[in-house]
Amino acid sequence: EDKVVQSPLSLVVHEGDTVTLNCSYEVTNFRSLLWYKQEKKAPTFLFMLTSSGIEKKSGRLSSILDKKELFSILNITATQTGDSAVYLCAVISNSGYALNFGKGTSLLVTP
Amino acid sequence: NAGVTQTPKFRILKIGQSMTLQCTQDMNHNYMYWYRQDPGMGLKLIYYSVGAGITDKGEVPNGYNVSRSTTEDFPLRLELAAPSQTSVYFCASTSRGTALYGYTFGSGTRLTVV
């Protein structure tokens, strides 16, 4: 059975801090890993990672995948209160039709 | 472009009642999904469909039924509601061949069973 484990489950930081969120996975015939941001409503897509070692970047957010060690990290630099959200990691296999989500990391950025 | 539309947004049911959560998409997506999200948990797949007339169970299908008579609509039926079905329900869709890219999610239905 596919497994996605995120850590930490929750995190409180001060504005301006840098945070690193972790996602490890076990999936048969891995295809891709995706990151989502959820702010009290539907998740919104951040990144999709398929190849190891290639960093995806969008503003202050970046993510990278390690297919050998079966994990991904999501970095947020110079955090802002608007980054407060639940960050979800999901994986999909080549034989799968649906995303398999982790429990999420709840991030709170305080002023 | 409406995207994925879910109705209702909120609902309170009594134990044993039944209801249908509606989901409609106007993007001609073949793949549609129903997830539930409990507090502090990720999304768990209830049912999915890869096209009209085709549905399959996900991780937590018990107590639910679905149908997919058209490409646009993917309703989720709750029979004999139980408190364990109190959750937020999300419908999502994606186009054929790009299921690995971000889904388009509906805004969710918050259901409370009392």
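A, B, ... follow the sequence lines: proteins, then strands. Residue 1 opens every chain. The model shown is predicted, which means the values in this text are computed figures rather than measured ones. Values reported hereafter were calculated over all heavy atoms of this structure, with side chains retained and with hydrogens, waters and symmetry mates removed.
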Establish whether [X] and [Y] are linked, either directly or via other cluster members, by ILVMFWY side-chain heavy-atom contacts under 4.5 Å.
X        : Y        : answer
Leu76(B) : Leu13(B) : yes
Tyr25(A) : Ile73(A) : no
Val66(B) : Met19(B) : yes

Subject >> Contact class of Leu45(B) relative to chain A, heavy atoms under 4.5 angstrom >> reply: side chain
Original post:
For Gln6(B), is it the side chain, the backbone, both or neither that has a heavy atom under 4.5 Å from a heavy atom of chain A?
Top reply: neither
Hey, is [atom1] on [X] packed in by over 12 heavy atoms from elsewhere, all under 6.0 Å?
X        : atom1 : value
Ile12(B) : CD1   : no
Lys44(B) : NZ    : no
Lys57(A) : NZ    : yes
Arg60(A) : CZ    : yes

Subject >> For Pro43(A) against Phe105(B), the heavy-atom pair lying closest together >> reply: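 Answer, listing the atom of Pro43(A) first, then Phe105(B): O-CD1, 3.5 Å.
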Original post:
What is the minimum heavy-atom distance between Gly106(B) and Ala42(A), and which atoms define it?
Top reply: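 Here Gly106(B) and Ala42(A) meet closest at O-CB, 3.0 Å.
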Original post:
Tyr103(B) side chain to Leu99(A) main-chain N or O, any donor-acceptor pair under 3.5 Å?
Top reply: yes
**OP:** Flag the pair Gln38(A) / Phe90(B) as yes when at least one side-chain heavy-atom distance between them is below 4.5 Å, and no otherwise.
**Re:**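 With C-beta onward as the side chain, the pair touches.
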**OP:** Please state whether the rings of Tyr35(B) and Phe101(A) are parallel, tilted or perpendicular, taking 30° and 60° as the class boundaries.
**Re:** perpendicular
**OP:** Answer with side chain, backbone, both or neither: which region of Gln6(A) has an atom nearer than 4.5 Å to a non-hydrogen atom of chain B?
**Re:** neither
Original post:
Can you tell me how far the CG atom of Leu88(A) sits from the CD atom of Gln37(B), to the nearest 0.5 Å?
Top reply: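 Reported to 0.5 Å precision, the distance equals 6.0 Å.
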